[in-house]
Amino acid sequence: MGLKSLNRQTQLKQIMKRCSSFGKNNHEVCEDVPKGHFVVYVGPNRSRYIVPISWLANFEFQSLLQQAEEEYGFKHNMGITIPCDELVFLSVVSSLA
């Protein structure tokens, strides 16, 4: 595992703490996020989705996260913004559900 991969994992863990049920200091944003889930924002309207952490292991979802990292980075407090069309996102996650 390379340094960049380790750095990405560390960043994802920090995001999970802030934007999931694991993060207890941001109740107003995360109170509706069930345990084992986190928030992503998708598309130009920034539609909010609550997704299971288990999706992080999926190759297609990792590809979306890589796009998010390249476009926006992972340094924000309210979930991950994924820079793809909402229909593309829904197509990817429909195979995961």
Reported CD1-to-CD distance for the pair Ile82 and Gln67, which is rounded to 0.5 angstrom: 8.5 Å

Check against side-chain contact (heavy atoms from CB on, under 4.5 Å), Phe38 and Ile50: CA-CA 5 Å; Phe38 66 102; Ile50 299 172; over 6 Å; no

Ser47: partners by side chain to side chain donor-acceptor pair (under 3.5 Å), with sequence neighbours left out: Glu86

Nearest heavy atoms of Ala68 and Pro83, plus distance in Å: CA-CD, 3.5 Å

Shortest non-hydrogen contact from Arg48 toward Val39: NH2-CG2, 3.4 Å

Spacing of OH belonging to Tyr41 relative to CD1 belonging to Ile80, to within rounding of 0.5 Å: 11.0 Å

Donor-acceptor contact present, side-chain Gln62 to main-chain Leu56, <3.5 Å: yes

Spacing of Phe59 atom CZ and Leu64 atom CG [to the nearest 0.5 Å]: 10.5 Å

Would you give me the side-chain donor-acceptor pairs under 3.5 Å for residues 88-97, sequence neighbours excluded?
from, atom 1, to, atom 2, distance (Å)
Ser94, OG, Leu90, O, 3.4
Ser94, OG, Ser91, O, 2.8
Ser95, OG, Val92, O, 2.8

Under the side chain to side chain donor-acceptor pair (under 3.5 Å) test, residues paired with Asp85 that sit two or more places apart: none

